[in-house]
Amino acid sequence: MPPGRFDPVQVVAVLSLKGGVGKTTVVLGLAGAAMQRNLRTLVVDLDPQANATVALRPDPSDASIADVLDEPRMSTLRRAISLSAWSDDLSVLVGSEANERHNHPEPTAKQLNRLDRALSHFLAPEDAEPDDEDEYDLVIIDCPPSLGQLTRSALVAADRAVLVTDPTIFAVAGVQRAFEAVQSERVHNNPHLQPLGVLINRVRSRSSEHAFRITELRELFGPLVLNGFLPDRSAIQQAQGACVPIQHWDTPGAREASAVFDGLLGRVMRSASRRELDAS
Ligand SMILES: Nc1ncnc2c1ncn2[C@@H]1O[C@H](COP(=O)(O)OP(=O)(O)OP(=O)(O)O)[C@@H](O)[C@H]1O
Ligand SMILES: [Mg+2]
């Protein structure tokens, strides 16, 4: 099989138990890094807050992720996916407040599998052509701040999970529960799922409390704690406020953050996906 468009898609879910720790920031940072590497990328906005969708400024669409989860067909997907204003290589499966209806506390197996079923149209399309517009190199899923049905369905669909946390007293318990959620979906619904690691966000290098919490996380989770911390930088908020990629924001803080995202993307793309393993 020639390299290029037929390469297996890597599907990465970005999650945390807690709200506001930087999931959407990491999704946008990864999407921007992928754009710089000319990867064809789809951001799936599962979060009913739809923050990633707002930031990526997609063309108007007449359907959303909520419709896709109602009916995981190719025809619905096509209506719910729009090109981002950031790049012709970046598309968004647009988020919607209506997606709250798919966040049941006790989902059935069928409900949990719907996102995977929908995305499987892209993962091994039997009828794909080399220039097929539905082909992606990377799918990034932005999760809501809970471990309910939507986040669980992301874990059923994903190859890799990135856990985001801040360096606070609540981090250890939150990361532990997020790991348990990954482990549970791996055992019950998706044997291919692997945790890529824990990304610690909003790190202030002069904070002794942050240093203490980072040491604590490392002692407990070892090499799963990613070495590239994301620093607390106002450039991240400024770029998001302007709805542009951090990679286009020309300040020292933005360049620092961009380097972390590029390192994380490298790690995502280097880790073999289930499709590669299945093919070998
Ligand atoms: N490293 C950082 N430096 C400065 N500001 C940051 C950083 N990371 C995130 N923020 C800011 O923190 C706020 C919350 O971040 P974000 O929306 O990415 O979190 P989230 O986990 O997706 O939130 P939610 O759980 O509500 O979906 C945003 O205003 C974002 O710009
Ligand atoms: Mg978010």
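Here the structure is a predicted model, which is why all the values come from computation and not from measurement.
Between Leu150 and Pro144, the shortest heavy-atom contact is CB-CG, 3.8 Å.
Screening Lys18, Arg204, Arg202, Lys23 against Asp166 for a salt bridge (charged side-chain N to carboxylate O under 4.0 Å, His left out) leaves a single residue, Lys18.
Side-chain atoms of Arg152 and Asn190 include no donor-acceptor pair closer than 3.5 Å.
Ring geometry for Phe122 against Tyr136 counts as perpendicular: the plane angle is over 60°, on a 0 to 90° scale with 30° as the lower cut.
Side-chain contact between Thr53 and Ser64 is absent, with no heavy atoms from C-beta onward closer than 4.5 Å. Using a 4.5 Å cut-off on side-chain heavy atoms (C-beta onward), Gln194 and Arg186 make contact. Leu42 has its side chain out of reach of Ile140: every pair of non-hydrogen atoms, C-beta onward, lies at least 4.5 Å apart. Side-chain atoms of Pro145 and Asp47, non-hydrogen and from C-beta on, do get closer than 4.5 Å to each other.
In this structure, the separation between OG1 on Thr165 and CG on Leu199 is 9.5 Å, given to the nearest 0.5 Å. The distance from the CD1 atom of Ile65 to the CG atom of Asp70 is 10.0 Å, given to the nearest 0.5 Å.
Looking at Ser96, its side chain never comes within 3.5 Å of a backbone N or O of Ala66 through a donor-acceptor pair. Distance alone, capped at 3.5 Å, is enough to place a donor-acceptor pair between the Thr151 side chain and the Ser146 backbone. With Thr215 contributing its side chain and Ala211 its backbone, the two residues share a donor-acceptor pair below 3.5 Å.
Counting heavy-atom neighbours within 6.0 Å of Asp62 CG, excluding the residue itself, gives a total above 12. Within a 6.0 Å sphere centred on CZ of Arg177, other residues, nucleotides and ligands contribute 12 heavy atoms or fewer.
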